[in-house]
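Each remark here refers to the structure printed beneath this line.
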Amino acid sequence: MAADWETLAEDFASAADSLIAEVDCTLDENEGICSENGVQGFPTLKYGNPSALDDYQGGRDYDSLKSFADENLKPTCSPFNLELCEGEEKAEIESYFAMPDNDLQAQVDAVDAIVKNAEDEFETSLEKLQQTYESMMEAHEQKLEDEKKNSNYKVIKAVLGFKKSQEKQMDEL
């Protein structure tokens, strides 16, 4: 994918309104931008408004990336391009511009808190699920071990194997 990404970046290098870039989220100096944009795995592809990036879910080959970029990496209605907005969408953005910064930040903080709570609940549930899985696997393995032990499984298999080898020797004579 790296070569395809580099080719795509070259294709858009001269574009005045589009940017194909990469950020190495393994470097400490990039921790802020990576965490702000929800980068959790690599490679993570994002697109859109730099202040509110969306996750890219398409193909990772050049043709898929190029097709998506051609169709989606262009100026759209946003606070940065209000002249491209119309009707309700424009009115909504203008209403946010009219709000005091602290009110906007409060709304962002409220959503961030809900998202964090949802992520925390998910992590807690995932930990419980992992514990349940481990407990089930332990019980399953113990049941198999007990059943084999209680039924003389190894001895029975050994006798069966011995008998089959004896039959094979008799057939060869």
Side-chain angles (χ1 to χ4, degrees), residues 1-138 140-141:
M1 187 183 116
D4 289 339
W5 187 259
E6 289 171 14
T7 302
L8 185 68
E10 290 170 11
D11 290 350
F12 281 81
S14 63
D17 56 5
S18 300
L19 173 66
I20 305 293
E22 62 184 73
V23 176
D24 185 348
C25 289
T26 63
L27 299 176
D28 290 341
E29 64 206 43
N30 295 329
E31 184 179 337
I33 191 171
C34 295
S35 64
E36 286 172 17
N37 288 290
V39 176
Q40 297 178 344
F42 309 104
T44 297
L45 303 181
K46 302 275 188 172
Y47 72 97
N49 182 321
S51 298
L53 294 171
D54 293 311
D55 291 328
Y56 171 75
Q57 301 295 333
R60 302 295 175 108
D61 61 284
Y62 174 77
D63 290 337
S64 297
L65 293 167
K66 176 78 165 103
S67 175
F68 182 85
D70 286 342
E71 293 173 22
N72 295 282
L73 300 187
K74 56 188 171 206
T76 59
C77 172
S78 74
F80 298 96
N81 298 301
L82 201 53
E83 69 279 2
L84 299 176
C85 303
E86 297 177 354
E88 289 180 23
E89 197 171 27
K90 185 174 185 175
E92 180 179 28
I93 293 171
E94 287 173 338
S95 74
Y96 290 131
F97 271 116
M99 292 175 69
D101 290 355
N102 59 339
D103 288 352
L104 291 170
Q105 188 62 55
Q107 287 189 16
V108 168
D109 291 346
V111 173
D112 286 346
I114 291 167
V115 168
K116 182 176 182 340
N117 186 41
E119 288 174 352
D120 290 348
E121 285 178 11
F122 176 77
E123 285 298 320
T124 300
S125 295
L126 193 57
E127 288 171 11
K128 288 178 184 176
L129 180 60
Q130 182 65 32
Q131 290 170 354
T132 300
Y133 169 78
E134 288 172 7
S135 176
M136 288 173 65
M137 282 301 297
E138 193 175 297
H140 172 71
E141 289 170 5

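Computed from a predicted structure; not experimentally measured.
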May I have all residue pairs that pass ring pair (Phe, Tyr, Trp, His ring centres under 6.0 Å) and include part of residues 69-107, sequence neighbours excluded?
none

Quick one about Gln107 and Asp103 (side-chain donor to acceptor, distance below 3.5 Å, no hydrogens or angles considered), yes or no?
no

Would you give the length of the straight line joining atom CG of Asn30 to atom CD of Glu22, rounded to the nearest 0.5 angstrom?
10.5 Å

Could you grab the distance from atom CG of Leu8 to atom CG of Asp11, nearest 0.5 Å is fine?
6.0 Å

Taking Ser125 for the side chain and Glu121 for the main chain, is one N or O donor matched with an acceptor at less than 3.5 Å?
yes

Donor-acceptor pair, distance only, cut-off 3.5 Å: does the side chain of Ser95 make one with the backbone of Glu92?
yes

Between Gln130 and Glu134: side-chain donor-acceptor atoms closer than 3.5 Å:
yes

Which residue is it: Leu53, Leu65, Asp55? I am looking for the one with a side chain to side chain contact (heavy atoms under 4.5 Å, CB included) to Leu45.
Leu65

Does atom CD of Glu83 have more than 12 heavy-atom neighbours from other groups under 6.0 Å away?
yes

Worked check of side-chain contact (heavy atoms from CB on, under 4.5 Å) between Asp70 and Phe12:
CA-CA 10 Å; Asp70 286 342; Phe12 281 81; 3.5 Å; yes

Basic-acidic side-chain contact under 4.0 Å: Asp54, Lys46:
no

Measuring from Ser35:OG to Gln40:CD, what's the distance to the nearest 0.5 Å?
10.5 Å

When rounded to the nearest 0.5 Å, the distance separating CD of Glu10 from CH2 of Trp5 is 13.0 Å

With rounding to the nearest 0.5 angstrom, report the CG to CZ distance, Asp4 to Arg60.
11.5 Å

Answer yes when Asp120 and Lys116 have at least one side-chain N-carboxylate O distance shorter than 4.0 Å, and no when they do not.
yes

Reported NZ-to-CG distance for the pair Lys66 and Asp61, which is rounded to 0.5 angstrom:
13.5 Å

Do other residues, nucleotides or ligands put more than 12 heavy atoms under 6.0 Å from Asp17 CG?
yes

Closest non-hydrogen atoms of Val39 and Cys25, given as atom of the first, atom of the second and distance, are CG1-SG, 3.8 Å

Tell me whether the count of non-hydrogen atoms from other residues, nucleotides or ligands lying under 6.0 Å of CZ in Phe42 goes above 12.
yes

Within the 3.5 Å criterion, strictly below it, is a donor on Asp109 or Gln105 matched to an acceptor on the partner's side chain?
yes

Please give me the minimum heavy-atom distance between Cys85 and Ser78, naming the atom from each residue.
SG-N, 3.6 Å

